[in-house]
Every structure is written in C-alpha cells, then in structure tokens.
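Only a predicted model underlies this, so the values are computations on that prediction, with no experimental measurement involved.
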Amino acid sequence: MSLVLDPAAQDLLFREARTANTFTDEPVTEEQVQAIYDLVKFGPTAFNQTPLRITLVRSAEARERLVQHMAEGNQAKTAGAPLVAILSADNEFHEELPTLFPAFPQAKDLFFAERSAREGSATLNAALQAAYFIVGIRAAGLAAGPMTGFDAEGIRKEFLDDDHTPLVVVNIGKPGEGASYPRSPRLAYEQVVTTV
C-alpha cells in the first residue's frame, strides 16, 4: 500500500464510512463543529476562495421550517438528526479575495467582477468545501447524511438571501440503528483512469 495515512484513518474517513439515515440523540456540540471547520478550512480551492457558508439549524422552530422544504423522503431524517447544516455558496465571496489570496489581490476584479463568473466559481469551490466538510465530520467520529433533495428556492428565502445559493443539507450526528445501506459498488480504477 502506497498511502501514508494510517489504515484505521482510511477506514474512518472512506472505507467504513457511510451516509447515515438515522442518528442517536447524542448532541453535536459547537466545539465539535468548530473543530471540524478548523480542520477542513485548509482544503484547496481556486484562488484560496472560501465561498462555503454553513448555517447550523439547532432550534426546534428553525428545524420545523427547514423540514417543510425537504423532499418527502428526507423530512423524517432531517427532523430526527441531532444537528442539521445548510451548506451554501456565497456569491459575493470575491470581496474576501484580497485578504485570502494576497499573492494576487487583483483576482477580485480581474476574474470576478461579473456576477455570472462569481456564481459558477462559488458553486464549484463551495462544493469542494462541502466535500471536505463531510470528510471532516467523519474525522470527528460522527456520521453525515448529505442530501440535495429539497426546495432550494424555499430554503434560500427561508434561511439565506439573494447572494447565497443552497447546495446541500447535511444531517450530522452519531449513527443510529440501521443508519445506512450496505456499501454500494464503486467503479474500478480501470473504468475511471485514463493515461494519455
């Protein structure tokens, strides 16, 4: 094996990890979420942009509002998770670029003056960050239940604003009884990798 990462960590992050559909009632603390973010914020993005925004849905009232916007098959999962996070892309991320990418502060105006350019870049890079966030949840010994089955416009109006695009809703916690399906197949290396 040519990987440096310890096999137990490989299992925790990838091989044994599953999307969770049920959770125990053990709470997810603010300290855990901060530790997750403080780890995953170092994942690479274009121009070191940081368009991901995380809205933690903790209150019962906010949870009820969110559940109304989830697809029917996701409502019970979202209602029962200890913590739910709405991950969105900030389409005004470019305002932070002079600070976040001091090697090339002109990138803000040179590449991202137009809203359409910002939206495409924000979506791509926030999606990368969302993937890092899910792996970070696993690194904290928790399970993630990411979902894209929701009314995006409803969630945007209810929880965000016109400058934010909802990407994924993630249920977070310790996996409950029968939390996940058996591992589904994956494509083999030869089916994915081409050398030119």
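Remark: side-chain polar atoms of Gln32 are not paired, donor with acceptor, to backbone N or O of Ala140 under 3.5 angstrom. In this structure, the side chain of Arg186 does not engage the main chain of Arg183 through any donor-acceptor pair within 3.5 Å. When atom types are taken as modelled, the side chain of Ser88 and the backbone of His164 share no donor-acceptor pair closer than 3.5 angstrom.
The environment of CD in Gln34 is sparse: at most 12 heavy-atom neighbours from other residues, nucleotides or ligands sit within 6.0 Å. When the shell of 6.0 Å around CD of Glu153 is examined, it contains more than 12 heavy atoms from other residues, nucleotides or ligands.
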Taking distance alone, no hydrogens or angles, what donor-acceptor pairs closer than 3.5 Å link side-chain atoms of residues 102-110 to residues at least two apart or in another chain?
none

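Residues that satisfy the salt bridge (charged side-chain N to carboxylate O under 4.0 Å, His left out) test with Asp162, not counting sequence neighbours, are Arg156. Residues forming a salt bridge (charged side-chain N to carboxylate O under 4.0 Å, His left out) with Glu64 (at least two apart in sequence, or on another chain): none.
In this structure, Asp163 pairs ionically with Arg115, as a charged nitrogen and a carboxylate oxygen lie closer than 4.0 Å.
For Phe111 and Phe47, the distance between ring centers is under 6.0 angstrom.
Between Arg53 and the options Leu160, Leu167, Asp90, a side-chain contact (heavy atoms from CB on, under 4.5 Å) holds for only Asp90.
Side chains of Asn171 and Lys77: a donor-acceptor N/O pair is absent below 3.5 angstrom, by distance only. For Asn91 and Thr165, the side-chain atoms include at least one donor-acceptor pair closer than 3.5 Å. Using modelled atom types, one finds no donor on one side chain facing an acceptor on the other under 3.5 Å when comparing Thr78 with Asn74. A side-chain donor-acceptor contact under 3.5 Å links Gln49 and Ser121.
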Worksheet item: So Glu95 and Arg118, salt bridge (Lys or Arg N to Asp or Glu O under 4.0 Å) or not? Walk me through it.
Response: CA-CA 11 Å; Glu95 296 295 343; Arg118 291 197 303 274; over 6 Å; no
